Amino acid sequence: MSVFESAPLFPKDAIFALTAQYNHDPSPVKVNLGQGSYRDGAGLPWVLPSVRESRRRLSSDQKLHHEYLPILGLPEFRSAVGKTLLGAQAHIAIESKLAVSQSLSGTGSLHLAGTLLRDYSGLTHQVLLSEPTWSNHHLIFSSLGFEVRTFRYYDATTGSLDWKSYADALHAAEPKSIVVLHACAHNSTGCDPTREQWTEIGRIIKAKSLFPLFDAAYLGFRSGNFDQDAFSIRHFVNDLGLEAAVAVSFAKNMGLYGERVGATVLVTKSENVARNCESVLERIQRSEISNPPAYGAKVATQILSDESLRSMWFEDLETMSTRIGTMRQSLCDLLVKSGAPGSWDHITQQTGMFGFLGLSHKVVLQLRRQYHIYMADNSRISIAGLNESNVVFVAKAIADCLRAESISEATSSCAASNL
Ligand code: LMR
């Protein structure tokens with residue numbers, strides 16, 4: 001009898017299992033719309049020109065070494081993240097009230113923030129998540145021992161944000177609960193609140209003493225402009241004076257997926273509290289990973305701090321968001337042109353990396369098996385997986401599957417009415 005006899009066999013992570021399935025698919029015609037990773041017009045991973053240049057500069061730096069970083073991470077990186085996130089001007093006033101730690105990308109950041117909020121805050125252990133949300137939110141917060149509550153975020157009939165349900169859920173939440181907010185480019189629906197709605201969300205959060213925890217993984221992907229996309233965070237922190245936690249990731253917006261570059265930024269009410277919180281973050285980090293990885297943070301720091309690299313990066317964000325926008329439009333137009341039953345405007349109204357198609361599970365599976373088109377089970381697609389060479393094929397396949405589905409539904413309802 002093994003001491004591990006009680007270990008269960010967990011199912012594989014759905015998103016990464018889908019990538020593995022796609023990679024093993026021998027079909028010469030296959031499309032991966034699953035995992036949210038940017039692809040260029042040829043369907044290949046894209047090393048951002050700003051990242052390439054930052055790497056070049058690092059490699060010619062005679063002083064580049066591979067020593068440990070401090071436990072909280074690279075000091076220049078931590079300071080550059082706060083400044084970039086909140087805006088240079090606001091940062092001057094608030095810097096002393098920030099507790100910042102480098103993290104293992106967004107997941108590590110949520111984990112650091114979640115542990116601190118669980119053990120060292122006066123908040124409840126309730127976390128409010130949108131439904132749907134990034135699937136890892138459930139795993140992170142439930143494994144930290146939080147009680148996870150959800151609310152309906154998406155209205156499938158209109159293909160847009162269910163604003164009433166969102167506002168009702170905030171009003172009904174127990175005071176001092178944590179609310180996880182997607183700062184922009186909601187993963188998985190691509191539906192964001194408008195600025196007016198963000199203002200209202202902030203008002204309710206403040207009035208009800210809820211705690212905002214921003215997941216900021218896609219800044220720059222909504223509009224192509226980092227500053228505009230940081231509106232929700234800046235409004236809560238700079239305008240409303242709220243305490244908040246921000247889980248920052250540079251996986252997507254710098255394409256540094258495998259380097260695990262991120263940060264936890266806590267906005268507190270005083271210098272004293274910030275100093276204490278930073279000591280807590282340092283202690284958690286020491287017990288979990290000791291020191292965060294150095295290379296990616298060095299690449300990112302140069303981009304955030306050097307004027308010329310920063311403007312190159314802003315152009316890169318434009319390039320990525322523009323290509324995704326073009327693909328949204330093409331997919332929508334081609335679905336309409338192919339006579340796919342239903343309306344498709346929601347694809348162009350959604351933003352960021354993802355589109356939420358609203359297909360049945362049956363159609364999602366048929367697309368996978370028959371056409372080798374891979375998307376998440378809930379029909380979330382990573383629009384970045386589309387390009388000029390595959391979008392016609394994808395639109396036609398979706399239209400064919402939907403037509404077949406509506407014929408089979410009509411046949412079965414006809415058969416049922418003849419009984
Ligand atoms: C996604 O949502 O597809 C990405 O963020 C990859 C992941 O970690 O799930």
Side-chain angles (χ1 to χ4, degrees), residues 9-25 27 29-37 129-139 142 148 150-162 165 182 186-191 328 331-332 334-336 338-347 349-350 352-386 390-391 393-416:
L9 179 64
F10 284 118
K12 295 226 179 276
D13 177 82
I15 290 293
F16 281 86
L18 196 66
T19 305
Q21 213 184 328
Y22 167 84
N23 287 338
H24 284 112
D25 185 337
S27 169
V29 187
K30 57 178 180 175
V31 184
N32 190 3
L33 305 178
Q35 194 175 301
S37 307
L129 297 178
S130 66
E131 183 54 51
T133 189
W134 181 43
S135 57
N136 210 17
H137 282 155
H138 285 274
L139 193 54
S142 59
V148 173
T150 59
F151 65 92
R152 194 174 94 130
Y153 185 82
Y154 181 76
D155 181 348
T157 52
T158 58
S160 61
L161 174 71
D162 187 341
S165 146
H182 297 233
H186 184 268
N187 177 5
S188 38
T189 66
C191 300
R328 280 187 186 284
L331 180 63
C332 175
L334 286 161
L335 284 167
V336 172
S338 343
S343 76
W344 299 100
D345 291 345
H346 56 282
I347 298 178
Q349 282 151 13
Q350 295 164 354
M353 193 176 261
F354 301 107
F356 210 55
L357 293 183
L359 306 178
S360 68
H361 189 49
K362 195 171 151 213
V363 167
V364 169
L365 290 184
Q366 189 184 358
L367 286 165
R368 213 176 285 167
R369 289 188 192 129
Q370 197 177 329
Y371 296 89
H372 310 272
I373 297 171
Y374 291 78
M375 65 180 70
D377 285 351
N378 63 2
S379 79
R380 182 198 82 165
I381 59 168
S382 173
I383 307 265
L386 293 172
N390 64 22
V391 67
F393 169 68
V394 169
K396 194 174 166 322
I398 294 173
D400 288 350
C401 291
L402 286 175
R403 266 194 300 269
E405 186 184 48
S406 62
I407 291 167
S408 102
E409 274 168 10
T411 318
S412 52
S413 77
C414 187

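Here the structure is a predicted model, which is why all the values come from computation and not from measurement.
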Legend entry - Where Ala395 and Leu334 come nearest, the two heavy atoms and their spacing: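 Answer, listing the atom of Ala395 first, then Leu334: CB-CB, 3.5 Å.
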
Legend entry - Non-hydrogen side-chain atoms of Arg368 and Leu18 separated by less than 4.5 Å: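 Arg368 vs Leu18: side chains touch.
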
Inset, instruction - Please state whether the rings of His182 and His186 are parallel, tilted or perpendicular, taking 30° and 60° as the class boundaries. - result: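 Ring orientation, 0 to 90° scale: tilted.
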
Inset, instruction - Answer yes or no: is there a donor N or O on one side and an acceptor on the other, between the side chain of Arg328 and the main chain of Phe354, under 3.5 Å? - result: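 Yes, because the side chain of Arg328 sits within donor-acceptor range (under 3.5 Å) of the backbone of Phe354.
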
Inset, instruction - Provide the closest heavy-atom pair for Tyr154 versus Gly159 in the form atom of the first, atom of the second, distance. - result: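 The pair with the smallest heavy-atom distance is OH-CA, 3.2 Å.
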
Inset, instruction - Check whether any side-chain heavy atom of Leu335 lies under 4.5 Å from a side-chain heavy atom of Ile347, and answer yes or no. - result: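 In contact.
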
Inset, instruction - Indicate yes or no for a side-chain donor-acceptor contact from Ser165 to the backbone of Tyr153 under 3.5 Å, with no hydrogens or angles considered. - result: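 Between the backbone of Tyr153 and the side chain of Ser165 there is no qualifying donor-acceptor contact (under 3.5 Å).
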
Inset, instruction - Salt-bridge test for Lys30 and Asp25: reply yes if a basic N is under 4.0 Å from a carboxylate O, no otherwise. - result: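 Salt bridge between Lys30 and Asp25, a charged N being under 4.0 Å from a carboxylate O: no.
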
Legend entry - Any residue meeting ring pair (Phe, Tyr, Trp, His ring centres under 6.0 Å) with His346, in chain and number order, not counting sequence neighbours: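 Ring pair (Phe, Tyr, Trp, His ring centres under 6.0 Å) list for His346, sorted by chain: Trp344.
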
Inset, instruction - Quick one: pull up SG in Cys191 and CG in Asp162 and give me the separation to the nearest 0.5 Å. - result: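 Result: 10.5 Å between the selected atoms.
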
Inset, instruction - Side-chain contact test, heavy atoms from C-beta onward, threshold under 4.5 Å: evaluate it for Leu33 versus Tyr374 and give yes or no. - result: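 No; the side chains remain at least 4.5 Å from each other.
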
Inset, instruction - Examine distances only and state if a side-chain atom of Asn390 and a backbone atom of Ile373 form a donor-acceptor pair shorter than 3.5 Å. - result: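 The answer is no, because no donor-acceptor pair under 3.5 Å joins these two groups.
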
Inset, instruction - Determine yes or no for a side-chain-to-main-chain donor-acceptor pair under 3.5 angstrom, with Ser338 supplying the side chain and Ala399 the backbone. - result: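 Checking the backbone N and O of Ala399 against the side chain of Ser338, no donor-acceptor pair under 3.5 Å is found.
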
Legend entry - Nearest heavy-atom neighbours spanning Ser188 and Phe356: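 Ser188 and Phe356 have their closest heavy atoms at O-CD1, 3.5 Å.
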
Inset, instruction - Step by step, work out the side-chain contact (heavy atoms from CB on, under 4.5 Å) result for His138 and Thr133. - result: CA-CA 8 Å; His138 285 274; Thr133 189; 3.8 Å; yes

Legend entry - Asp377 side chain reached by His361 side chain, heavy atoms, under 4.5 Å: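 A side-chain contact exists here, since the closest heavy-atom pair is under 4.5 Å.
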
Inset, instruction - Run the numbers on Gln349 and Ser160 for side-chain hydrogen bond (donor to acceptor under 3.5 Å, both in side chains), then give the verdict. - result: CA-CA 8 Å; Gln349 282 151 13; Ser160 61; over 6 Å; no

Inset, instruction - Would you check if Leu359 and Leu367 make a side-chain contact, meaning some heavy-atom pair closer than 4.5 Å? - result: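 When only atoms from C-beta onward are counted, Leu367 and Leu359 do touch, with a gap below 4.5 Å.
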
